[in-house]
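Chain naming here is simple, since letters A, B, ... match the order of the sequence lines and numbering starts at 1 in each.
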Number of protein chains: 2
Amino acid sequence: MSKKSISGFPELLPADRAVEARVEDRLRATFELHGFAGIQTRSVEPLSALEKKGETSKEVYVLQRLQAARGGTPVALRSDTLGLHFDLTVPLARYVLAHSNDLTFPFRRYQIQKVWRGERPQEGRFREFTQADIDIVGQGDLGLHHEIEAAEVMLDALAALGFGPVLMEINNRKLLQGIASQVGVDRFEDVLRALDKIDKIGSTGVREELSAGGVDAERANALLSAAQITAESGQELRDAITGLNLPGAAGPLLLEGLDELAQVLDALIAFAPGQVRASLRISRGLDYYTGTVYETVVPGHERFGSICSGGRYDQLVADGRRVFPGVGLSIGVTRLVALLLSEGMLEGGSPSPALVFIAVTSEDERDRSVAVARSLRARGIPCEVSPNARKFGQQIRLAEKRGIRYVWFPGEADTQSVKDIVSGEQVEADPHTWTPDR
Amino acid sequence: MSKKSISGFPELLPADRAVEARVEDRLRATFELHGFAGIQTRSVEPLSALEKKGETSKEVYVLQRLQAARGGTPVALRSDTLGLHFDLTVPLARYVLAHSNDLTFPFRRYQIQKVWRGERPQEGRFREFTQADIDIVGQGDLGLHHEIEAAEVMLDALAALGFGPVLMEINNRKLLQGIASQVGVDRFEDVLRALDKIDKIGSTGVREELSAGGVDAERANALLSAAQITAESGQELRDAITGLNLPGAAGPLLLEGLDELAQVLDALIAFAPGQVRASLRISRGLDYYTGTVYETVVPGHERFGSICSGGRYDQLVADGRRVFPGVGLSIGVTRLVALLLSEGMLEGGSPSPALVFIAVTSEDERDRSVAVARSLRARGIPCEVSPNARKFGQQIRLAEKRGIRYVWFPGEADTQSVKDIVSGEQVEADPHTWTPDR
């Protein structure tokens, strides 16, 4: 059997998986504190659903039953061919439409689940990873206050991970489109596509890309000046927009976007001072967003990229008859944990969840050790009975290798003791009453 | 976007998913109490690993990148073509070999993860489902006491789900092979294959199948008499084997298997009286087991089939140089939860994890409701702020539809109150001190 790892499909050792599981638990606990219900969607969607989203559709893994593949017939790609989902938003949209009669709106759901992208291996990206998403999906309408709330939930969730402050940068698609329109650039998609690359290719690159798309230098400069705006209050934002001295009068879309962004910004700054700012270069590329958009960086670790992104979408969930506007944010858990672990920014994990290792005096007396374990477990103390009855020194070394702090020596009924192998302290102990330091 | 469900890919509504998540949590808590470390393996394995296991290899989903599929080239099946794993045992075997230098043995791991099988849809089977596995894998050797321990962990785990007693039926491959050998049947695989179908095709069917394989009537009858043995103590088991009056003398394999089964049986019956018996018809088909094998039924609900199965394997994890014997059991979580839910055997779930719904008096006063929510959450009480400021009657109805028991009315600073919408009782309450009944 090949032992080789497969590029892009990461796997953790038990101690690191314990850290990742703790991260997932804390995210989940925060989401539930905020009244979000957890769901799991199937891992597959028909190609017709996966291909709706432009560029990402190239990265889908399609499935074929082995027997069919053995026949050597090419996969006949049809709209109902199954592919693995590449995010949790497309499945959510389908889930909401399929179950709308059984859900109550606004539907508040979180989802912590694996996704797959058939990236080219040489890009060094993950091809299987876990995302943690929250979304609030309304029926017909959805108040702006949910755009504030969703960000607060994620700020709470990231704070619960304990790795330090973050910087959430927000923008508003209406404001961005309003500016483009006032500047006189009609092809808003080109603007989004160009701005999305600003961190990679810089202002010069964006200017070139806009120019290639037929935007003249003056207009490109106006757009780039706007994109450089950051603000830490609604008033500062309004002043900066005024300071752009854009030609002509601001249109209703610009004014609506500005009002929304100013309102969301002031609320979030009050909630998490120093951790939120408006940044007009945040565009989120070609995604389906229509209002607030969010990205989040770890100050001092900008190379992580955005660890929590999302936005408001008005048209993603719709079936021609009804529309379900939503707002959602997503954390790339696998990547975030890998980065935080590599930087030592998360408390370490142990290879074993056991707190106590019960030594075995001899195989004939194993039952006495098992009885101690049952007493401890009945009081919620995780433990493991030694797999062997070797010399105590060897048993203690196994406990150490497993990262188990306490070793219990069953002795006779009135001579039981437990040793803290960190401090070296050994005390008499009763399995019905002794409690470990956690 | 198609709303249709896809046969074999089940999806739960939030209230049922809450039940399934609770089941997963309780399994996990039990496994960790017993010192099992949680891991996740990648979802894919190369075909070379997936095809080792005989029959199941037919049911694999292989992956193809969409771009390649678009080219219309047939999937060229190679040994490194990726397929979705169909169980958690093949990945464990590979994980242990790949990481043996970084693990401590016996390696105790649990794994709660999705698996996929490309079953034919008309069979009505799940094609995507969650399994919960525990395994103990030794290096070189693994004591018999782990065959007792692994079963105890699963009996504890199933008890923690609270749906009532189970019946675990155990057998031992050495005993079965020893009997076949003493009876004079050499092709043990045929015996396993035939016995595995006994619940479906009955004794007559098994006799026919053995006969087709060249086993004469006398030998088939001897095997079937043995397969009908059940015993509730080691002594009863020994007496029943003696009572078979098999021709000639018992070989060493039979005696070893009998000793092991008697010992495991007595220990497990002492642990869970009335919930364990030896049953010599349990064969586990063509799986890789070499010692104790386990199946578990819910008395009165035998149509569920086995809800928890597994066994001891000596050769599954090996790389030519080293061998890692193991023992493991597996619960099919998706199927078990679906069955228990359909029979009303699990406590129901709520569509929302929130315990408190905070009413909003008017949009201008939303901040006061948000402040109440923060106080409650700071004390670990999950809650949701009303999405709107409609009449209180309408807000209460939304809380009801979401299954949220308490509605909080923020009122003025000294007039806040909370209503239990189950009992109808409404009391004054302070968000910093009030505590819900859970």
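- Looking at residues two or more places apart in sequence or on another chain, you find a ring pair (Phe, Tyr, Trp, His ring centres under 6.0 Å) between B:His85 and B:Trp116.
- Here the closest non-hydrogen pair linking A:His145 and B:Glu363 is CD2-OE1, 4.0 Å.
- With rounding to the nearest 0.5 angstrom, the CZ atom of A:Arg65 is 8.5 Å from the CD atom of B:Glu119.
- Within the 4.5 angstrom heavy-atom criterion, only backbone atoms of B:Pro351 (N, CA, C, O) approach chain A.
- Under 4.0 Å is where a charged nitrogen must lie from a carboxylate oxygen, and between B:Arg377 and A:Glu32 no such pair does.
- Looking at B:Phe357, there are no atoms closer than 4.5 Å to chain A (heavy atoms on both sides), in backbone or side chain.
- Ranking B:Lys401, B:Glu384, B:His99, B:His34 against chain A, the residue ahead of the rest is B:His34, based on heavy-atom pairs under 4.5 Å.
- Only the side chain of B:Leu47 comes within contact range of chain A, with heavy atoms under 4.5 Å apart.
- A salt bridge does not link A:Glu149 to B:Arg366: none of the charged nitrogens lies less than 4.0 Å from a carboxylate oxygen.
- For the pair B:Pro387 and A:His146, the tightest heavy-atom approach, listed with the atom from each and the gap, is CB-NE2, 3.6 Å.
- Going from atom CD of B:Gln64 over to atom CG of A:Leu63 covers 10.5 Å, rounded to the nearest 0.5 Å.
- Distance check: A:Ser5 OG to B:Tyr95 OH gives 12.5 Å after rounding to the nearest 0.5 Å.
- Only the side chain of B:Leu84 comes within less than 4.5 Å of a heavy atom of chain A; its backbone N, CA, C and O stay farther away.
- Using a 4.5 Å cut-off between heavy atoms, A:Gln113 touches chain B through its side chain atoms alone.
- Heavy atoms of A:Arg379 lying under 4.5 Å from chain B are absent altogether.
- For A:Ile381, the part lying under 4.5 angstrom from a heavy atom of chain B is the backbone only.
- One finds the CG atom of A:Leu77 at 6.0 Å from the CG atom of B:Leu66 (value rounded to the nearest 0.5 Å).
- Inter-residue side-chain proximity for A:Arg108 and B:Arg402 is flagged as met; some heavy-atom pair is nearer than 4.5 Å.
- The contact between A:Leu103 and chain B is made entirely by side chain atoms (from C-beta outward), counting heavy-atom distances below 4.5 Å.
- A salt bridge is absent between A:Asp156 and B:Arg374: the closest approach of a Lys/Arg side-chain nitrogen to an acidic carboxylate oxygen does not fall below 4.0 angstrom.
- Taking 4.5 Å as the limit, every side-chain heavy atom of A:Gln111 sits out of range of all side-chain heavy atoms of B:Arg17.
- No side-chain heavy atom of A:Val44 sits under 4.5 Å from any side-chain heavy atom of B:Glu128.
- By the 4.5 Å heavy-atom criterion applied to side chains, A:Ile6 and B:Asp80 are not counted as neighbours.
- Only the backbone of B:Leu12 comes within contact range of chain A, with heavy atoms under 4.5 Å apart.
- With a 4.5 Å cut-off on non-hydrogen atoms, B:Phe36 touches chain A through its backbone but not through its side chain.
- Looking at B:Ile404, neither its backbone nor its side chain comes within 4.5 Å of chain A, counting heavy atoms on both sides.
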